[in-house]
Amino acid sequence: MAIALRVLSGFSAEPLCTAAATRGWTAKDVKAAIEELEGTTRPGQRLFIHGEAFCEGGRTLGDMLKKQVGKKASATGSQQLDVFLVKVEPGWATMLQNVEDGWMELRDVAEQYQHDREVVLAAMRAKGTQLRDVAEEFRRDREVVMAAVSSNGSALRFAAESLKRDPEVVLTAIRGSDLALRSTAEELWHSRDFLLAVVQEYGSALMYAPMELRRDRDVVLAAVCNDVTALRHATPEMWHEPEIRRVALEACAELWPEAAHAAQDRCQLPCSRHQRRARGARMSEDALLAAVLA
């Protein structure tokens, strides 16, 4: 459904312009529309909806509509939302642009701006590891931390402990950097759904799983499909699960063909031809897996 977006002055509430928006618009989209319709450049705008700062890189208009009490509809049936525009001084706008572009780090801006949420968000989008320099309140701010880990997954180590237990935040971080695995809260590794999602990105993350999930066929198979060496972290019985074994052997033969040939050559057993074929195949597979996973 369309949104009738009414832009008002943040000081006088005077109507400035109206834009036809959608629920998926972010602050960046709103600022671009205001720049085109009203003329204020994007860095010179600060937006507020329902008394809250509406910053780039975070929520959408749809998110803000959920907070609106007594939603109004326009004559065309679209929902109406008021956005208040505060125009900022050119120096502040330039500073914000420099932070967003990575020319200036958060610790280098004036102290009063280091506690400005919009400046902090811009810094996180530019370089996520700047999360180490922010006040504790921002390390607990989910939107700020999401911006940081989206930029650099390893920034998760600077987040509040509560957000290290947030599956969405942690998965975002892990997809950006495997270093985030070390900062993941212990309790998340006991979640089967979370672990399945992680091992599809980094199979070796199976090492962090509790024993009951290291013997879970689906979890181990997903890990081995991503990284055959993850099999070393599975319980012994998983080595002999047919599908897991097939996937692992195919990967080993493809990645380490020399090891596959060497394992086959070592299997010369003093038994009948039929036994030698059956036992030799099994032993060559065991030798191959043992060689490459050692």
Side-chain angles (χ1 to χ4, degrees), residues 10 24-36 40-49 52-64 83-164 166-184 201-202:
W25 273 26
T26 64
K28 185 176 182 179
D29 299 312
V30 175
K31 287 184 176 183
I34 292 173
E35 182 171 355
E36 179 180 352
T40 304
T41 60
R42 187 168 67 88
Q45 302 176 35
R46 298 197 72 179
L47 306 179
F48 295 85
I49 300 178
E52 296 182 30
F54 186 50
C55 304
E56 294 187 28
R59 292 166 292 184
T60 65
L61 292 180
D63 296 326
M64 304 308 290
V83 177
F84 290 87
L85 168 65
V86 175
K87 300 179 183 182
V88 298
E89 60 185 42
W92 187 94
T94 300
M95 179 274 298
L96 179 63
Q97 191 66 55
N98 286 337
V99 170
E100 187 168 2
D101 292 342
W103 291 106
M104 180 182 291
E105 293 202 355
L106 187 63
R107 60 190 174 189
D108 297 325
V109 305
E111 186 174 356
Q112 67 265 30
Y113 295 137
Q114 294 180 15
H115 299 277
D116 185 295
R117 192 168 185 274
E118 189 161 2
V119 175
V120 170
L121 277 168
M124 296 308 103
R125 291 193 298 270
K127 184 180 178 183
T129 52
Q130 292 185 90
L131 188 63
R132 68 176 177 268
D133 300 322
V134 305
E136 186 62 32
E137 64 183 286
F138 292 119
R139 298 188 187 202
R140 296 192 300 266
D141 187 311
R142 192 176 188 275
E143 188 175 352
V144 169
V145 173
M146 278 292 280
V149 299
S150 295
S151 170
N152 188 325
S154 69
L156 182 66
R157 66 188 185 273
F158 303 118
E161 291 301 316
S162 59
L163 291 175
K164 293 177 182 178
D166 185 312
E168 185 181 0
V169 170
V170 175
L171 280 173
T172 299
I174 289 173
R175 289 177 180 130
S177 172
D178 60 349
L179 294 175
L181 295 169
R182 304 175 188 176
S183 303
T184 301
E201 301 287 335
Y202 295 102

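Just so you know, these numbers come straight off a predicted model, no measurement behind them. As a basis for the values below, the full set of heavy atoms in this structure was taken, side chains included, without hydrogen atoms, waters or symmetry mates.
- Considering CD of Glu161 and CG of Leu163, their distance stands at 9.5 Å, rounded to 0.5 Å.
- Asp141 is listed as a side-chain neighbour of Arg117, based on a closest heavy-atom distance under 4.5 Å.
- In terms of heavy-atom proximity, Glu143 sits nearest to Cys55 at OE2-O, 4.3 Å.
- Taking OG of Ser162 as the reference point, atom CZ of Arg139 lies at 12.5 Å (rounded to 0.5 Å).
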Evaluate side-chain contact (heavy atoms from CB on, under 4.5 Å) for Arg132 paired with Arg107, printing each intermediate quantity in order.
CA-CA 10 Å; Arg132 68 176 177 268; Arg107 60 190 174 189; 3.9 Å; yes

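- A donor-acceptor pair under 3.5 Å is absent between the side-chain atoms of Gln45 and the main chain of Leu85, judged by distance alone.
- Proximity of a side-chain donor or acceptor of Asp101 to a complementary backbone N or O of Trp103 within less than 3.5 Å is not detected.
- One distance of note links CG of Leu47 with CZ of Phe84; it measures 11.5 Å at 0.5 Å rounding.
- In this structure, the side chains of Asp116 and Arg46 come closer than 4.5 Å at one or more pairs of heavy atoms.
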Would Arg182 and Arg157 count as a side-chain contact (heavy atoms from CB on, under 4.5 Å) if you check the C-alpha gap in whole Å, the side-chain angles of each, and the deciding distance to 0.1 Å?
CA-CA 8 Å; Arg182 304 175 188 176; Arg157 66 188 185 273; over 6 Å; no

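- Counting heavy atoms from C-beta on, the side chains of Leu171 and Glu201 never come closer than 4.5 Å.
- The shortest non-hydrogen separation linking Val86 to Gly10 is CG2-CA, 4.0 Å.
- Side-chain contact between Trp92 and Val119 is present, with heavy atoms from C-beta onward closer than 4.5 Å.
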Kindly determine whether Leu121 and Phe138 satisfy side-chain contact (heavy atoms from CB on, under 4.5 Å), including the steps that lead there.
CA-CA 9 Å; Leu121 277 168; Phe138 292 119; over 6 Å; no

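- Phe158 CZ to Lys164 NZ: the interatomic distance, rounded to the nearest 0.5 Å, is 9.0 Å.
- Here the side chains of Asn152 and Lys127 are not in contact, with every heavy-atom distance at 4.5 Å or above.
- Put simply, CG on Asp133 and CD on Gln114 are 8.0 Å apart, with the number rounded to the nearest 0.5 Å.
- Using a 4.5 Å heavy-atom threshold, the side chains of Asp29 and Thr26 count as touching.
- The shortest distance between side-chain heavy atoms of Thr129 and Ser154 falls below 4.5 Å.
- Put simply, the side chain of Met124 reaches to within 4.5 Å of the side chain of Val134, judged on heavy atoms.
- Of the possible polar contacts, one joining the Gln130 side chain to the Ala123 backbone as a donor-acceptor pair under 3.5 Å is found.
- Ser150 and Thr172 get closest at one heavy-atom pair: OG-CG2, 3.5 Å.
- No side-chain donor-acceptor contact under 3.5 Å links Ser177 to the backbone of Ala173.
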